[in-house]
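I have placed the structure first, in the form of structure tokens, so that the comments after it can refer back to it.
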Amino acid sequence: MIYSDRLIEKLKNAEKVSVLTGAGVSAESGVPTFRDPGGIWEKFRPEQLANFEAFMKDPDFVWSWYQHRREIMREVKPNNGHFALAEMEKIFPSFSLITQNIDNLHYRAGSRNITELHGNIERNYCIKCRTFFHEIDIQEKKVLKCTNCGGLIRPDVVWFGEMLPVKELKYAENAAADSDVFFTIGTSAEVYPAALLPIIAKRAGAYSVEININPTVISFDLDETLTGKSAEILPELLNKIKEIRNN
Ligand code: BJW
Ligand code: ZN
């Protein structure tokens, strides 16, 4: 990993650190990303499946796709990138982990101050009466109906055209604007409004760092890019942080 002296200096003194994660942090756990070659969206564009109209048109199809992903997400384990972020939470006085992921892997790795911008695949709710259902039978390939009112049950995730959860987005925007260092990790930064967070942080004066295997549309707007796999870079960075903050 190649990093600047400036980043080390910033991390040595940082009190408030925030992180935005995307599908790339879970890639090495075996969760397919959205927009990389071989990702789940190769056959379907994200907009085709992750929207309410698609669900209403063919609920069984969209539901079975989420069930398939639930199976993957339950089988996989957090990787060293998730674990390193959980450790960092204990080091900095303020540490906000903002994620676009719905896969629970940050929580399973031990992170606690997590803000989920796009929901969580384990939560589901009835589109008619809004009753929540947490334990959904993983074998069930067909869409389930609400036991209260018979309405369709959908995953509690944010589809295109839907508002992000208001409290979570507000928290994320405030955290971004109030950070000494802001990391953008494993996201293509193509989906809004999450993609604005690194820009908000940068404009508010945070030292803004990207960790990704490839350049993204925002790379040039940020202060520094660490190129490589997050499950490799984050543990190295954690070791460095431990070293410099003990001195
Ligand atoms: C590695 C790696 C390794 C690989 N190590 N890196 C402004 C401008 C233009 C459009 C809009 C705008 N504002 C809103 C919009 C519309 C839309 C939008 O953004 N469209 C764009 C496509 C242009 N946004 C919305 O609709 C949002 N809602 C909204 O704005 O509401 C307000 C509103 C509503 C109604 C009327 C008016 C206003 C909602 C967006 C919801 C996104 N939902 C999804 C699905 C969630 C559920 C599910 O999972 O099924 O969220 S789409 C999908 O994309 C998912 C992800 O969270 C999200 C981001 O993807 P991510 O994580 O970045 O993944 P990838 O695959 O894109 O990138 C992976 C990256 O990792 C790559 O860069 C790799 O290189 C890297 N990588 N391996 C490190 N090992
Ligand atoms: Zn109902």
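Every number for a ligand or one of its atoms is a count from 1 in the order of the listing. Index from 1, following the sequence. Because the structure is predicted, anything quoted here is derived from the model rather than measured.
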Looking at [Y] and [X], is any side-chain nitrogen of the basic one under 4.0 Å from a carboxylate oxygen of the acidic one?
X      : Y      : result
Arg6   : Glu9   : no
Glu173 : Lys167 : no
Lys16  : Asp180 : no
Arg123 : Glu116 : yes

Please work out, at 4.0 Å between heavy atoms, whether the side chain, the backbone, both, or neither of [X] comes within that distance of ligand 1.
X      : answer
Asn212 : both
Tyr66  : side chain
Glu28  : side chain

Q) Hey, does Leu117 have a side-chain heavy atom less than 4.5 Å from the side chain of Leu197? A)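 The answer is yes; the side chains approach within 4.5 Å.
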Q. Any side-chain heavy atom of Leu234 sitting closer than 4.5 Å to one from Ile211?
A.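 Yes, their side chains come closer than 4.5 Å.
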Q | The single option from Ile102, Leu164, Val191 passing side chain to side chain contact (heavy atoms under 4.5 Å, CB included) against Val158 | A |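 Single side chain to side chain contact (heavy atoms under 4.5 Å, CB included) partner of Val158 among Ile102, Leu164, Val191: Leu164.
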Q.
Which of the protein's N, O or S atoms come within less than 2.8 Å of the Zn ion (ligand 2), not counting waters?
A.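 Result, waters dropped: Cys126 SG, Cys129 SG, Cys146 SG, Cys149 SG.
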Any nitrogen or oxygen of [X], main chain or side chain, under 3.5 Å from a nitrogen or oxygen of ligand 1?
X      : answer
Ser188 : yes
Lys229 : no
Asn101 : no
Gly161 : yes
Thr187 : yes
Gly22  : no
Val158 : yes
Ala23  : yes

Enumerate the atoms of ligand 1 whose separation from the nearest heavy atom of [X] is less than 4.0 angstrom.
X      : value
Arg69  : 48 (C), 49 (O), 50 (O)
Glu162 : 27 (C), 28 (N), 29 (C), 31 (O), 39 (C)
Glu190 : 21 (C), 22 (C), 23 (C)
Pro193 : 30 (O)
Val157 : 47 (C)
Ala27  : 78 (N)
Val191 : 19 (O), 40 (C), 42 (C), 54 (O), 58 (C), 59 (C)
Gly186 : 6 (N), 69 (C), 70 (C), 71 (O)

Side-chain donor-acceptor contact under 3.5 Å, [X] with [Y]:
X      : Y      : answer
Thr225 : Ser219 : no
Arg245 : Asn13  : no
Thr187 : Gln100 : yes

Q. Can Arg154 be said to sit on top of Trp65's aromatic six-ring, NZ or CZ under 6.0 Å from centre and within 45° of the ring axis?
A.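 The answer is no, since Arg154 fails at least one limit relative to Trp65.
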Q) Within 45 degrees of the axis of the six-membered ring of Tyr107 and under 6.0 Å from its centre: does Arg112 put its NZ or CZ there? A)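 Yes; both conditions hold, so Arg112 lies above the ring face of Tyr107.
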For [atom], which of [options] has the closest heavy atom?
atom                    : options                      : result
atom 4 (C) of ligand 1  : Leu169, Asp36, Thr21         : Asp36
atom 17 (C) of ligand 1 : Phe160, Trp65, Trp159        : Phe160
atom 60 (O) of ligand 1 : Met73, Arg35, Gln100, Met163 : Arg35

Q: Starting from the C-alpha separation in whole Å, work towards a yes-or-no answer on ring pair (Phe, Tyr, Trp, His ring centres under 6.0 Å) for Trp159 and Phe55.
A: CA-CA 10 Å; Trp159 284 331; Phe55 180 66; 5.5 Å; yes
Q | Those residues that, when tested against Phe52, pass ring-ring contact (aromatic ring centres under 6.0 Å, His included) (two or more places apart) | A |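 Counting only residues at least two positions away or on another chain, Phe52 forms no ring-ring contact (aromatic ring centres under 6.0 Å, His included).
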Q: Tell me, please, which residues at least two apart from Asp221 pass salt bridge (Lys or Arg N to Asp or Glu O under 4.0 Å).
A: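 Salt bridge (Lys or Arg N to Asp or Glu O under 4.0 Å) list for Asp221, sorted by chain: empty.
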Q.
Show every salt bridge (charged side-chain N to carboxylate O under 4.0 Å, His left out) that has at least one partner inside residues 226-240, sequence neighbours left out.
A.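 Qualifying pairs: Lys240-Glu243.
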Q: Going by the side chain to side chain donor-acceptor pair (under 3.5 Å) test, name the single residue among Thr99, Asn104, Asp103 that passes it with Asn120.
A: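 It is Asn104, the one option of Thr99, Asn104, Asp103 that forms the side chain to side chain donor-acceptor pair (under 3.5 Å) with Asn120.
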